[in-house]
Amino acid sequence: MALRSNPTLRQLRLGAELRRMREQAGLGGSQLARALGINPAHVTQMESGRTGISVERLRTIAALCMCVNEPLIDALADIITDRDKGGWWEEYRGNLSQDFLEVAEIEAHARGLSVYTMAFIHGLLQTNAYASAVFARSYPPLPGHEVDLRAAFRLRRQHIIRSEATPYTAYIHEAALRMQFGGAKVQAEQLGALVEASERPNISIRVVLFDVDMIPLPNENFTYVEGPVQELDTVQSDSGVGNLLFDAPAHTARFRSLLARIDSAALSGEESREFIRSIKKDMESKYA
């Protein structure tokens, strides 16, 4: 079987879960290979997502590793039987970096999304003008066609929540509501779009005020992505060096705890709408 040169995120995650299952059972790669009757290199390839496995082999591995978590095994089996070779984001491969494609892929398979942003409005809620202004601030500056391409990609990602199929909660710090990407008029239009989005049945927007002192550090902008089972949850975080993904149980547990703290400190949905409207009014007064 030919090895995959570019495994998808889901294929990589399947491999990582196979490795985690083996390690939790205290088995080495060579031990598992011997029990399966295959070459140890094949185990490495499965666990790196470079080669596929059948559902039957998955269940054999689970049995050998004494894994009795049936919901997890079933969820991994669903990844195997999903023959989708890629989504709409594949059209952008070669034009945008892997980080952009990974974010779209992980959102497309999410059972639920919870985000926290401190300095900007989350991408799934951005207007075209706001997104363009964000990308135009890149340093070194991007050429105009690159700004347009990235903004268009970001807006296309928004279908996942506009279709109302995916529950989405955005915790937005007051700083992000006041930060003017593109000026007061662009920001006012963005705030109006937030109010409209908050009225969709699957979208909740909650504001965290400046005077709240129980929030994470300023660099904790993150998206908590719910999988079909909690073991397959993932956290995506932006950083100066690119897209960071966390799926270890200790990491996802930490971010669930952070979300619980943020949720307890944030304004209610209706209070948040009223607060956003008040800032929008202030922004409008700057260019009226």
Side-chain angles (χ1 to χ4, degrees), residues 7-29 31-32 43-50 53 58 61-80 98-99 102-119 122 166-171 173 206 208 212-266:
T8 67
L9 273 180
R10 278 159 67 80
Q11 290 164 346
L12 290 170
R13 185 59 182 274
L14 171 62
E17 291 302 320
L18 291 175
R19 183 180 65 252
R20 190 170 288 136
M21 192 182 294
R22 172 179 60 76
E23 291 174 345
Q24 289 177 345
L27 294 176
Q31 290 174 292
L32 180 60
V43 172
T44 300
Q45 292 160 3
M46 289 190 300
E47 293 181 353
S48 63
R50 298 191 66 202
I53 68 170
L58 164 67
I61 291 173
L64 292 171
C65 294
M66 296 175 287
C67 177
V68 295
N69 188 337
E70 288 298 329
L72 172 60
I73 296 169
D74 289 342
L76 296 176
D78 287 342
I79 294 177
I80 294 171
Q98 184 69 17
D99 285 352
E102 287 181 346
V103 170
E105 181 184 348
I106 203 170
E107 289 171 347
H109 294 288
R111 298 297 178 89
L113 295 163
S114 297
V115 306
Y116 170 74
T117 55
M118 190 161 191
H122 186 250
T166 305
Y168 173 85
T169 300
Y171 298 96
H173 194 273
R206 308 276 304 284
V208 180
V212 172
D213 63 1
M214 57 183 295
I215 59 174
L217 296 173
N219 63 344
E220 293 283 16
N221 300 305
F222 64 88
T223 300
Y224 192 97
V225 184
E226 295 177 34
V229 293
Q230 192 174 86
E231 291 85 352
L232 294 181
D233 289 356
T234 305
V235 176
Q236 181 268 329
S237 180
D238 298 317
S239 78
V241 296
N243 186 36
L244 301 177
L245 298 174
F246 305 94
D247 57 34
H251 287 143
T252 54
R254 171 181 180 263
F255 281 98
R256 283 197 301 275
S257 177
L258 286 176
L259 278 174
R261 291 175 59 198
I262 296 169
D263 184 79
S264 67

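Note that this is a predicted model, so its numbers are computed, not measured.
Legend: residues meeting ring-ring contact (aromatic ring centres under 6.0 Å, His included) with Y168, ordered by chain and number and at least two apart, are H122. Residues forming a side chain to side chain donor-acceptor pair (under 3.5 Å) with E231 (at least two apart in sequence, or on another chain): N69. Considering only residues two or more places apart in sequence or on other chains, D263 meets the salt bridge (charged side-chain N to carboxylate O under 4.0 Å, His left out) condition with R206.
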- [ ] Start with the C-alpha distance between L18 and V43, add both sets of side-chain angles, then the distance that settles side-chain contact (heavy atoms from CB on, under 4.5 Å), and finish with yes or no.
- [x] CA-CA 9 Å; L18 291 175; V43 172; over 6 Å; no
- [ ] Please report the C-alpha distance between M21 and L76 in whole Å, then the side-chain angles of each, then the deciding distance to 0.1 Å, and finally whether the side-chain contact (heavy atoms from CB on, under 4.5 Å) criterion is met.
- [x] CA-CA 12 Å; M21 192 182 294; L76 296 176; 4.0 Å; yes
Open item on the list: Evaluate V225 against L113 for side-chain contact (heavy atoms from CB on, under 4.5 Å), listing each step before the verdict.
Closed with: CA-CA 5 Å; V225 184; L113 295 163; 3.9 Å; yes
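Distance check, rounded to the nearest 0.5 Å: CZ of R19 to OG1 of T44 gives 10.5 Å. Atom CD1 of I106 sits about 10.5 Å away from atom CZ of R10, to the nearest 0.5 Å. Distance check: H109 NE2 to T8 OG1 gives 7.0 Å after rounding to the nearest 0.5 Å. Rounding to the nearest 0.5 Å gives a distance of 8.5 Å between CD of E105 and CG of L12. Note: H251 NE2 to F222 CZ = 13.5 Å, rounded to the nearest 0.5 Å. Once rounded to the nearest 0.5 Å, the distance linking CE of M46 with CG of L14 reads 9.5 Å.
Looking only at distances, a side-chain donor or acceptor of R22 sits under 3.5 Å from a matching main-chain atom of L27. Side chain of T166 to main chain of G112: no donor-acceptor pair is present (N/O by atom type, distance under 3.5 Å, no hydrogens or angles). In this structure a side-chain-to-backbone donor-acceptor pair under 3.5 Å is missing from E102 to N243.
Minimum interatomic distance between S48 and Q45 (heavy atoms only, all atoms of both residues): OG-O, 3.1 Å. Residues P228 and A75 approach most closely at CG-CB, 3.8 Å, considering heavy atoms. Shown here for L58 and A77, the closest heavy-atom pair between the two residues is CD2-N, 3.5 Å.
Contact annotation: the side chain of T223 never approaches that of E107 to less than 4.5 Å [non-hydrogen atoms, C-beta and beyond].
None of D233, T234, T169 except one satisfies the side-chain hydrogen bond (donor to acceptor under 3.5 Å, both in side chains) rule with Y224; the exception is D233.
Note on E23 versus R20: no salt bridge recorded, every NZ/NE/NH1/NH2 to OD/OE distance being 4.0 Å or above.
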